[in-house]
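Hydrogens, waters and symmetry mates play no part in the numbers below; they use all other heavy atoms, side chains included.
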Amino acid sequence: MAFTPLNALNAFLAVARHRSFAAAASELAISPSALSQSVRQLEARLGVALLSRTTRSVALTEAGRRLFEQAGPAVEQALEALTSASAQADEVTGKVRLTVPEIAVPFVITPVLPRFVASHPKVEVEVQVENLRRDIVAEGFDAGVRLEEFIERDMVQVRLTQAFRFVIAGAPSYLKRRGVPESPKDLLAHECITYRSPTTRALYAWELERGKKSWRIPVHGSITTNDERVMLAMAEAGLGLVYAFEPAVMPLLKRGSLRLVLEPFAAAVPGLFLYFPSRAQVSPALRAFIDTAREVTTSLRTRTQKSEA
């Protein structure tokens, strides 16, 4: 990559977004070594370190954070302007960067993206699938998907799914071997497949409710993961009880490989929501994505409600 201030700035911004030289190099279609050299040249030109590098991670220095926050939106706007200059008058162009949890993929991303890409082929979409809680403004995301309880109050929210429950389930073989829990406190005597938060590193306490009463049970077990697919597979294999959101468990319940327990205590949540900063000017690309997501997910909710009626 030939050194120019703008090329080097774009290289730095890519590394800052991904917190990874390898991922940034892949985005820019250059080698990691060329990317690293470009960033070093920018740091030498500015006389400050922008990134703190170790063998395992990349972090922003204070100077790097200021540059990322101040220059990032301007560069994105300039790149979108170049793309839109070659587009037809009625075409939507630009880029949409999303951060979504794993549970949102089959129920939001999978149905929405094909329709959106077919309708707006000039828009680039980047989806970061992770269970971390991200600061979408500081990290350059346009929008995210979360449960309502984890969305900051100053964000605009768009409903994507109907309300659902978090349920507890176990394989028939496990329930025959260990018995069926009859109250929340019984879970303390059971083998539970536990979830460790990638953000806090704490084990998740299972939340249950009935009427106005609620419980947070600090369950334990020999298997801990942060991946719902692993949790469900291990529960299906009879290794313990699992706590998961009901739509993900439903296929296993229908084929009989898992059974619900403590169903009267299942906790309900309002659902998944798309969110974005209320103070930000929504780009045409993000507005088009919001409209498509609202249209597709509303249709899915309507069909689900009719099938349950």
Would Tyr243 and Tyr195 count as a ring pair (Phe, Tyr, Trp, His ring centres under 6.0 Å) if you check the C-alpha gap in whole Å, the side-chain angles of each, and the deciding distance to 0.1 Å? CA-CA 9 Å; Tyr243 181 91; Tyr195 176 86; 9.8 Å; no
Distance check, rounded to the nearest 0.5 Å: Ile103 atom CD1 versus Glu228 atom CD? 6.5 Å
Do Leu252 and Glu236 make a side-chain contact, defined as non-hydrogen atoms from C-beta onward lying under 4.5 Å apart? yes
In Å, rounded to the nearest 0.5 Å, how long is the span from CD of Glu263 to CG of Leu260? 5.0 Å
Sequence neighbours left out, what passes side chain to side chain donor-acceptor pair (under 3.5 Å) with Tyr174? Give chain and number order. His190
Give a yes or no on whether the backbone of Pro277 and the side-chain of Asp154 come within a donor-acceptor separation of less than 3.5 Å. no
Provide the full list of salt bridge (charged side-chain N to carboxylate O under 4.0 Å, His left out) pairs with a residue in residues 175-196, sequence neighbours left out, each pair given once. none
For Phe245, all residues meeting ring pair (Phe, Tyr, Trp, His ring centres under 6.0 Å), sequence neighbours excluded: Phe107, Phe164
Quick one: does any side-chain atom of Thr61 pair with a main-chain N or O of Ala49 as donor and acceptor, under 3.5 Å? yes
Kindly compute the distance separating CZ (Arg66) from CG (Leu60), expressed to the nearest 0.5 Å. 11.5 Å
Under 3.5 Å: donor-acceptor pair, side chain of Glu43, backbone of Leu50: yes
Strictly by side chain to side chain donor-acceptor pair (under 3.5 Å), give each pair with a member in residues 210-219 just once, sequence neighbours left out. Glu207-Arg216
Using a cut-off of 6.0 Å, state whether more than 12 heavy atoms not belonging to Arg159 lie near its atom CZ. yes
Is atom CZ of Arg229 surrounded by more than 12 heavy atoms (other residues, nucleotides or ligands) closer than 6.0 Å? no
Is Arg97 close to Glu124 at the side-chain level, that is, under 4.5 Å between some pair of heavy atoms? no
Can you measure from CG (Leu67) to CG (Leu13) and round to the nearest 0.5 angstrom? 6.5 Å
Contacts of Arg201 meeting side chain to side chain donor-acceptor pair (under 3.5 Å) (sequence neighbours excluded), chain-then-number -> none
If the condition is ring pair (Phe, Tyr, Trp, His ring centres under 6.0 Å), which residues does Phe116 pass it with, not counting sequence neighbours? His120, Phe289
Salt bridge present between Lys95 and Glu126 (N-O < 4.0 angstrom): yes
Spacing of CZ belonging to Phe21 relative to CD1 belonging to Ile30, to within rounding of 0.5 Å: 10.0 Å
Determine yes or no for a side-chain-to-main-chain donor-acceptor pair under 3.5 angstrom, with Thr194 supplying the side chain and Leu203 the backbone. no
